[in-house]
Amino acid sequence: MFGKQRASKADEGAMTGNELIEAVATQQVATKSDVKKIIDAALAAIADAAARGEEVSIAGFGKFKVKQSAAREGKNPRTGEPMTIPASRKVGFQPAKALKDKVNS
């Protein structure tokens, strides 16, 4: 599920999936393989719940919510012609107060 390289220079300073796995494995004295399985399972459960339109709340971290985006009019960037952008569902994230406090301390 995690890539081995960063996507671009714009992502410099971002933690990669492998770095996350290594950090958790080090803190929990677990194997990287076990941690990867756990993280993959957790992300799959979050994705499944989001696909069903359910909110996923993780105490001290935040909430993942599915938001409905209505259809709207837009322009084709190549031709400038008007076009209809179809309705879609988007995943949003609302950080918990504990996460905000940790980031701002």
Side-chain angles (χ1 to χ4, degrees):
M1 177 171 260
F2 296 114
K4 291 185 179 182
Q5 296 179 351
R6 293 188 172 129
S8 69
K9 286 188 177 186
D11 290 336
E12 287 299 319
M15 179 180 269
T16 66
N18 287 332
E19 291 169 341
L20 173 65
I21 290 168
E22 188 171 326
V24 173
T26 301
Q27 288 182 8
Q28 298 301 316
V29 190
T31 66
K32 289 181 189 178
S33 175
D34 289 343
V35 172
K36 183 177 183 333
K37 288 176 188 174
I38 291 167
I39 290 175
D40 285 347
L43 292 175
I46 291 170
D48 289 345
R52 294 189 302 269
E54 298 174 5
E55 181 179 288
V56 177
S57 180
I58 302 171
F61 185 69
K63 294 179 189 177
F64 293 92
K65 299 180 190 179
V66 177
K67 299 176 182 181
Q68 187 66 35
S69 172
R72 61 191 190 280
E73 289 298 315
K75 287 187 176 183
N76 181 324
R78 288 187 182 185
T79 64
E81 293 289 318
M83 61 182 280
T84 300
I85 300 169
S88 63
R89 297 188 318 167
K90 300 181 182 336
V91 177
F93 177 74
Q94 180 180 359
K97 184 179 184 315
L99 178 59
K100 289 181 193 176
D101 291 346
K102 181 88 173 176
V103 169
N104 290 317
S105 64

message = Distance check, rounded to the nearest 0.5 Å: Asp48 atom CG versus Glu54 atom CD?
response = 9.5 Å
ask   = Of all heavy-atom pairs between Gln68 and Ser88, which one has the smallest distance, and what is that distance?
value = NE2-O, 3.5 Å
request  = Could you grab the distance from atom CG of Leu99 to atom CD of Gln94, nearest 0.5 Å is fine?
outcome  = 11.5 Å
inquiry  = Would you compute the distance between atom CG of Asp34 and atom CD1 of Ile39 and round it to the nearest 0.5 angstrom?
reply    = 11.5 Å
ask   = Which heavy atom of Lys102 sits nearest a heavy atom of Ser105, and at what distance?
value = O-OG, 3.0 Å
query = Hey, what do you get for CD1 (Ile21) to CG (Asp40), rounding to the nearest 0.5 Å?
reply = 6.5 Å
task = Calculate, to the nearest 0.5 Å, the distance between atoms CG and CD1 belonging to Asn76 and Ile85 respectively.
result = 10.0 Å
query = Nearest heavy-atom pair of Ile58 and Ile46: which atoms, and what distance?
reply = CD1-CD1, 4.0 Å
key: Heavy-atom pair with the smallest gap, counting every atom of Lys63 and Ser57   = CG-OG, 3.8 Å
request  = Kindly check if the number of other-residue, nucleotide or ligand heavy atoms within 6.0 Å of CZ (Arg52) is above 12?
outcome  = yes
note = Between Met15 and Glu19 the two heavy atoms that sit nearest each other are CA-OE1, 3.2 Å
Common cluster, Leu20/Val35, ILVMFWY with side-chain heavy-atom separation under 4.5 Å = yes
query = Which pair of heavy atoms, one from Glu73 and one from Met83, lies closest together, and at what distance?
reply = OE1-O, 3.3 Å
query = How long is the gap from CD on Glu55 to NZ on Lys67, to the nearest 0.5 Å?
reply = 10.5 Å
